[in-house]
Visitor: 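Got a structure for you, written out below as structure tokens; questions coming shortly.
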Amino acid sequence: MIPGLEMSQPLIWVMIAVIFAVIEGLTMGLTTIWFTVGGVAACIIALIGGPLILQVAVFLIVSVILLYFTRPLAEKRLKVGHEKNNIEQLIGKTALVMETIKPYHPGQARLNGLVWTAVTEQESEILEKNELAIVVRVEGVKLVVEKVKGEEK
């Protein structure tokens, strides 16, 4: 401790809460905001004269409970995290086979007005021209597709 400079326990908890709030503001990850609330709760315990061990316990308990129970709700509500890019939005869409897709021989499929190189998810599967296929994933510039269920001939 620096001579002549004494910090009270509530002030330390306020500083901890502010540090976590700043980190949250910089990252927007909805992780450290709960520790900010825990710091405020520990500050309240310090203000009413609670012992240090109780302050630390309240900080940890409040932070972990909020993190565990409210973060998933907040993420869902605020849609924080991963946003689908254009390629990921193609997954699950229906494409029209333009050129027969055979095992170990890519064909072509039209999706959203563009013609893509396409291969099947199952190596033994054959998709004939004008059949419908569901996009399973995108690998580079190639669609990986499977036959639309119910389209069996």
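Heavy-atom basis, side chains included; hydrogens, waters and symmetry copies ignored.
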Visitor: Please determine whether side chain to side chain contact (heavy atoms under 4.5 Å, CB included) holds for the pair N130 and E128, giving the CA-CA distance in whole Å, both sets of side-chain angles, and the decisive distance to 0.1 Å.
Guide: CA-CA 6 Å; N130 295 325; E128 299 293 337; over 6 Å; no

Visitor: Search all heavy atoms of P106 against all heavy atoms of V119 and return the closest pair with its distance.
Guide: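 Scanning both residues, the minimum pair turns out to be CB-CG1, 3.7 Å.
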
Visitor: Would you please name every residue forming a side chain to side chain contact (heavy atoms under 4.5 Å, CB included) with P103, sequence neighbours left out?
Guide: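 Partners of P103 under the side chain to side chain contact (heavy atoms under 4.5 Å, CB included) test: I126.
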
Visitor: Which pairs count as ring-ring contact (aromatic ring centres under 6.0 Å, His included) when at least one residue sits in residues 8-63, sequence neighbours excluded?
Guide: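 Every ring-ring contact (aromatic ring centres under 6.0 Å, His included) pair that includes a residue of residues 8-63, provided the two are not neighbours, is W13-F59, F20-F35.
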
Visitor: Indicate the atoms forming the closest heavy-atom contact of V135 with V138, along with that distance.
Guide: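 Nearest heavy atoms, V135 then V138: CG1-CG2, 4.3 Å.
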
Visitor: L60: what forms a side chain to side chain contact (heavy atoms under 4.5 Å, CB included) with it, not counting sequence neighbours?
Guide: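 Testing L60 for side chain to side chain contact (heavy atoms under 4.5 Å, CB included), a comparison that skips the adjacent residues, returns V56.
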
Visitor: Quick one: closest heavy-atom pair of T94 and L111, and the distance?
Guide: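 Looking at all heavy atoms of both residues, the shortest contact is O-CD1, 3.3 Å.
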
Visitor: For Q108, check side chain to side chain donor-acceptor pair (under 3.5 Å) against everything at least two apart and list the hits.
Guide: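 By the side chain to side chain donor-acceptor pair (under 3.5 Å) rule, Q108 matches no residue at all.
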
Visitor: Among all residues two or more places apart in sequence or in another chain, which pass the side chain to side chain contact (heavy atoms under 4.5 Å, CB included) test with V37?
Guide: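 Testing V37 for side chain to side chain contact (heavy atoms under 4.5 Å, CB included), a comparison that skips the adjacent residues, returns V62, L66.
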
Visitor: Give me each pair satisfying salt bridge (Lys or Arg N to Asp or Glu O under 4.0 Å) with a member in residues 95-122, each pair once, sequence neighbours excluded.
Guide: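 Only E121-R137 qualify under salt bridge (Lys or Arg N to Asp or Glu O under 4.0 Å).
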
Visitor: Given 3.5 Å as the limit, does a donor-acceptor pair link the side chain of Q55 with the main chain of G50, or not?
Guide: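 Yes; at least one donor-acceptor contact below 3.5 Å.
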
Visitor: Heavy atoms only: give me the nearest S63-G38 pair and the separation to one decimal.
Guide: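 In terms of heavy atoms, the two residues are closest at OG-CA, 3.4 Å.
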
Visitor: If hydrophobic residues (ILVMFWY) are linked whenever their side-chain heavy atoms come closer than 4.5 Å, directly or via other members, who joins V14 in its cluster?
Guide: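 Under the 4.5 Å side-chain rule, V14 groups with V18, V22, L26.
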
Visitor: If every non-hydrogen atom of V97 is compared with every non-hydrogen atom of A133, which pair is closest and at what distance?
Guide: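 Minimum heavy-atom separation between V97 and A133: CG2-CB, 4.3 Å.
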
Visitor: May I ask you to list the residues sharing a hydrophobic cluster with V40, side-chain cutoff 4.5 Å, ordered by chain and number?
Guide: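 In the cluster with V40 are I44.
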
Visitor: Can you get from L114 to L127 by hopping between Ile, Leu, Val, Met, Phe, Trp and Tyr side chains that sit under 4.5 Å apart?
Guide: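 Hydrophobic grouping puts L114 with L127.
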
Visitor: What are the two closest non-hydrogen atoms of V58 and A41, and how far apart are they?
Guide: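 Here V58 and A41 meet closest at CG1-CB, 3.8 Å.
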
Visitor: Using the side chain to side chain contact (heavy atoms under 4.5 Å, CB included) rule, take T117 and L143 through it: C-alpha gap first, then chi angles, then the decisive distance, then the call.
Guide: CA-CA 6 Å; T117 298; L143 298 178; over 6 Å; no

Visitor: In the hydrophobic clustering (ILVMFWY, side-chain contacts below 4.5 Å, transitive), which residues join V141, or is it alone?
Guide: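 V141 shares its hydrophobic cluster with no other residue.
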
Visitor: Tracing side-chain links under 4.5 Å among I, L, V, M, F, W and Y, which residues wind up in one group with I65?
Guide: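 Its cluster partners, ordered by chain and number, are I61, Y68, F69.
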
Visitor: In this structure, would L90 and V115 fall into the same cluster of hydrophobic residues linked by side-chain contacts under 4.5 Å?
Guide: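 No, L90 does not connect to V115 through the hydrophobic network.
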
Visitor: Provide the full list of side chain to side chain donor-acceptor pair (under 3.5 Å) pairs with a residue in residues 16-27, sequence neighbours left out, each pair given once.
Guide: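 Sorted pair list: E24-T32.
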
Visitor: Quick one: which residue pairs count as a ring-ring contact (aromatic ring centres under 6.0 Å, His included) with a foot in residues 92-122, not counting sequence neighbours?
Guide: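 Counting only pairs at least two positions apart or across chains, no ring-ring contact (aromatic ring centres under 6.0 Å, His included) contact touches residues 92-122.
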
